[in-house]
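Just so you know, residue 1 is the first one in the sequence shown, and it goes up from there. Reckoned from all heavy atoms, side chains included, excluding hydrogens, waters and symmetry mates.
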Amino acid sequence: MDVFLTYLGNEEFVLEQMIAIALIMIRMPRQKHFWIRLPICIIVCLASSIRWDYSYFYIWWGVLIYAAWYVVILALFLFSIKICWKISWSQAIFYTCCSYCMQHVAYLISEIVYTLFWEYGTMLILEHYYTVRYITLVIVLAVVYSLIYLFVMRPISKNQDRISFRGLVAPSVLIVVSTMTLNLYRQTWIEYSIIEMLYPVCLCIMGFFFYTMLLRINRLQSEKEETEQYMQMQAAYGRMSRENIQLINMRCHDIKHQLSTLTATGDEKLKAEAEKLKGEVDIYESIAKTGCDALDIILTDKCFNCKSKGVTINYLVDDGSLDGIAADDIYAIFCNAIDNAAEYAATLKDPARRTVNFRVTRNGNIVSIRFDNYYDGVIRMGKDKFPASTKEGRLHGLGLKSIRYIAERYDGSAAVRAENGIFTLSIILAVNYVHERGAYETDMTAA
């Protein structure tokens with residue numbers, strides 16, 4: 001075994017790098033004829049792993065030649081990644097640098113472990129140098145590659161559309177160049193300590209930590225932008241609903257006037273039909289009365305929408321409780337909350353439980369909004385303590401996040417609770433506006 005393992009030299013680096021690339025790129029979209037392109041790239045990369053005379057490390061031009069070989073092999077890996085997978089050049093550079101850092105961290109940690117074996121090991125370990133060394137390397141590779149993939153590379157691959165890879169090219173190349181420089185400097189000395197091997201390891205780990213933090217920042221920024229976009233859509237929907245309802249009311253008023261003219265003709269049959277149509281028109285002319293124009297528009301619109309689902313909306317709103325809150329924020333809060341509750345309620349088999357209830361109260365400048373609706377089954381909560389969205393698409397699941405975002409802008413909070421078949425959304429807002437209390441109470445039956 002030792003005789004076979006002594007053959008591995010630069011081939012070891014190439015094979016380790018290939019494994020890192022395969023792990024990173026496993027979920028990436030592939031180019032056409034992938035299984036033809038891949039073997040060709042593997043053969044070219046393996047052919048580049050020429051065995052070197054390591055005695056040249058200790059003269060300056062030997063180090064330069066070895067550094068040039070590193071650059072060439074990394075360039076080959078870069079082109080191989082671009083040829084085999086459907087990614088941009090900036091992504092290809094980034095993933096090439098990451099694969100190098102993965103390989104370098106794993107290799108140096110295995111060297112550190114083996115150095116400890118060498119200093120404190122038994123004669124059995126010393127007699128089987130290559131066997132013990134490569135067993136150690138394989139174990140360390142498996143552990144290090146798995147950890148870096150799970151905590152760094154997989155989250156990055158899942159959120160590629162949120163990341164600007166162009167901005168990662170320069171720091172990634174800088175980390176690789178710095179690590180390569182430290183490595184070549186270390187190899188020019190016959191004796192070096194474990195501390196000197198830890199320098200490039202720490203540099204690479206800092207790089208992965210930087211990528212993780214940057215991913216988190218990009219994710220939060222992207223989520224904020226999507227939430228604001230969603231809120232703008234809800235605000236536009238509220239304004240459009242207001243215009244539509246005003247137009248419908250005008251048309252209904254004209255129709256009622258025309259029906260009144262028909263009832264004055266004296267024809268009893270025609271009069272009965274006109275009265276029947278007038279009653280139906282009254283349904284569309286009715287508007288919710290809560291003391292808040294923006295909420296009235298939303299309730300009137302949602303009442304019509306819930307009618308087809310057999311859902312009843314019940315509410316109690318203190319007079320002036322929403323004064324001081326922007327109309328667009330009212331649209332976003334109540335549109336999202338009522339839509340989510342109505343969606344749950346519409347799935348219930350018992351018609352008596354198909355209700356959406358909410359209460360708006362105010363104490364000084366503190367506004368409390370509470371929504372309740374029944375549900376069946378189990379509601380799975382996500383990491384943000386809101387129900388996890390089961391629908392596909394970016395904008396799904398942003399409703400409750402937009403509500404929380406608005407609440408935080410008002411120095412408040414939004415929280416949910418699902419217990420005993422009742423789902424509750426509680427919203428607290430701090431508004432610098434005080435209004436005398438009263439109440440509007442109604443039961444808008446859409447069934």
Side-chain angles (χ1 to χ4, degrees), residues 220 223-239 241-242 288-303 313-344 355-373 381-382 384-387 389 395 397-419 422-442 444:
L220 292 174
E223 185 177 290
K224 179 182 177 182
E225 292 174 357
E226 291 170 4
T227 302
E228 290 177 345
Q229 178 187 356
Y230 187 77
M231 289 167 55
Q232 292 173 1
M233 292 170 56
Q234 291 291 346
Y237 174 80
R239 291 190 291 269
S241 297
R242 180 182 60 193
K289 303 294 183 181
T290 65
C292 175
D293 292 340
L295 182 55
D296 293 345
I297 295 297
I298 294 301
L299 284 176
T300 302
D301 179 68
K302 295 306 176 184
C303 181
I313 302 177
N314 305 311
Y315 62 88
L316 180 62
V317 181
D318 284 359
D319 181 21
S321 57
L322 296 176
D323 289 348
I325 301 176
D328 286 353
D329 293 336
I330 293 173
Y331 292 146
I333 290 174
F334 286 90
C335 276
N336 289 313
I338 293 175
D339 284 344
N340 289 339
E343 183 179 359
Y344 275 116
T355 61
V356 176
N357 310 302
F358 71 87
R359 175 83 167 92
V360 183
T361 60
R362 185 163 186 152
N363 185 9
N365 67 332
I366 303 300
V367 178
S368 175
I369 307 172
R370 172 171 170 159
F371 292 86
D372 295 298
N373 64 274
M381 297 293 181
D384 56 1
K385 297 183 180 180
F386 280 163
S389 176
L395 294 181
L398 289 179
L400 290 175
K401 290 180 181 179
S402 67
I403 292 175
R404 181 178 61 186
Y405 180 70
I406 293 171
E408 290 174 351
R409 283 205 286 109
Y410 285 87
D411 295 326
S413 62
V416 300
R417 185 176 72 251
E419 293 179 353
I422 299 178
F423 181 86
T424 302
L425 167 63
S426 301
I427 305 166
I428 301 295
L429 305 175
V431 184
N432 295 322
Y433 187 94
V434 180
H435 194 283
E436 294 181 1
R437 292 188 60 186
Y440 284 99
E441 182 176 3
T442 203
M444 296 190 68

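- N357 and N314 are linked by a side-chain donor-acceptor pair at a separation below 3.5 angstrom, with hydrogens and angles left out of the test.
- The two residues Y410 and G324 have their closest heavy-atom pair at CE2-O, 4.3 Å.
- Side-chain contact between F371 and I427 is present, with heavy atoms from C-beta onward closer than 4.5 Å.
- Between R359 and D372, no side-chain nitrogen of the basic residue sits less than 4.0 Å from a carboxylate oxygen of the acidic one, so the salt-bridge criterion is not met.
- Across V367 and S321, no two heavy atoms sit closer than the pair CG2-O, 3.2 Å.
- Residues T424 and E419 form no side-chain contact, since every pair of their non-hydrogen atoms from C-beta on lies 4.5 Å or further apart.
- The only option from D329, I369, L299, I403 that meets the side-chain contact (heavy atoms from CB on, under 4.5 Å) definition with F334 turns out to be I369.
- Distance check, rounded to the nearest 0.5 Å: CD1 of I325 to CG of L322 gives 5.0 Å.
- Between C335 and I298, the shortest heavy-atom contact is SG-CD1, 3.2 Å.
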Inset, instruction - Carefully, step by step, assess T361 and R370 under the rule side-chain contact (heavy atoms from CB on, under 4.5 Å). - result: CA-CA 9 Å; T361 60; R370 172 171 170 159; over 6 Å; no
Legend entry - Working for side-chain contact (heavy atoms from CB on, under 4.5 Å), residues I330 and C292: CA-CA 9 Å; I330 293 173; C292 175; 3.6 Å; yes
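- Rounded to the nearest 0.5 Å, atoms NZ (K401) and CD1 (I406) are 14.5 Å apart.
- Distance check: I338 CD1 to I313 CD1 gives 5.0 Å after rounding to the nearest 0.5 Å.
- Smallest separation of non-hydrogen atoms from N336 and S402: ND2-OG, 3.0 Å.
- Scanning both residues, L429 and A407, for their nearest heavy atoms gives CD2-CA, 3.5 Å.
- The heavy-atom pair separating V431 from D323 by the smallest distance is CG1-O, 3.6 Å.
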